[in-house]
Amino acid sequence: MKTLFDQETAEALQQLCDETCEAIRLARQSSDLDDLSAVFAVAFLKLGMATGFIEQRHPGFAREVETKRQRVITALVQEQQQNKH
């Protein structure tokens, strides 16, 4: 099976993903808004780093992620509108 990344890249990406998951886990335990915003900031930073990391080897990846994010937002808005009626 062909892998998407070489071993070093896969390990670096795995570490970024693990750190993102840890930040999100900490966010769930946050007791105040300041802590929550700090861990969200870390999670967003790590996700951005992971996206940029992949973008270096697969140009267009970040644009594809943004396109799909917009589709999800559109679908959620449509679902909310349907549920109101």
Side-chain angles (χ1 to χ4, degrees):
M1 178 172 98
K2 182 181 176 195
T3 59
L4 187 58
F5 302 111
D6 60 54
Q7 183 69 27
E8 183 179 2
T9 303
E11 289 173 2
L13 184 59
Q14 183 62 53
Q15 181 177 345
L16 283 169
C17 290
D18 289 346
E19 290 169 358
T20 303
C21 290
E22 177 66 11
I24 292 169
R25 187 187 66 73
L26 290 171
R28 292 176 62 200
Q29 297 174 358
S30 294
S31 60
D32 67 52
L33 206 50
D34 190 48
D35 286 347
L36 182 62
S37 63
V39 291
F40 268 53
V42 170
F44 286 141
L45 174 66
K46 295 297 181 176
L47 286 170
M49 290 172 68
T51 301
F53 198 68
I54 296 170
E55 178 73 22
Q56 290 176 358
R57 287 161 175 78
H58 300 279
F61 178 76
R63 184 180 26 186
E64 182 179 333
V65 168
E66 180 57 24
T67 299
K68 290 179 180 179
R69 187 181 78 87
Q70 290 299 323
R71 280 191 223 151
V72 169
I73 290 169
T74 300
L76 289 171
V77 168
Q78 288 174 348
E79 182 179 329
Q80 285 178 339
Q81 289 173 348
Q82 288 174 354
N83 288 336
K84 285 183 180 180
H85 299 300

Distance-only side-chain donor-acceptor flag, Q15 / E11, under 3.5 Å: no

V77: hydrophobic cluster co-members (side-chain, 4.5 Å): I73

Rounded distance [0.5 Å steps], CG in L47 versus SG in C17: 7.5 Å

Residues which pass side chain to side chain donor-acceptor pair (under 3.5 Å) with Q70, listed by chain and number, not counting sequence neighbours: E66

By side-chain contact (heavy atoms from CB on, under 4.5 Å) - contacts of L26 (at least two apart): E22, Q29, V39

Distance in Å, I24 CD1 paired with F40 CZ, rounded so as to fall on 0.5 Å steps: 7.5 Å

Any residue meeting side-chain contact (heavy atoms from CB on, under 4.5 Å) with I54, in chain and number order, not counting sequence neighbours: F5, L13, H58, F61

Residues that K68 engages under side-chain contact (heavy atoms from CB on, under 4.5 Å), provided they are two or more places apart: E64, R71

Closest non-hydrogen atom pair, A62 against T51: CB-CG2, 3.8 Å

Pairwise side-chain hydrogen bond (donor to acceptor under 3.5 Å, both in side chains) hits with a residue in residues 73-83, at least two apart: none

Remaining members of hydrophobic cluster (4.5 Å side-chain criterion), L76: V72

Any pair counted as salt bridge (charged side-chain N to carboxylate O under 4.0 Å, His left out), so long as it reaches residues 32-60, sequence neighbours left out: E19-K46

Same apolar cluster: F44 and F53, side chain cutoff 4.5 Å: no

Other cluster members, V42 - Ile/Leu/Val/Met/Phe/Trp/Tyr, side-chain contacts below 4.5 Å: none

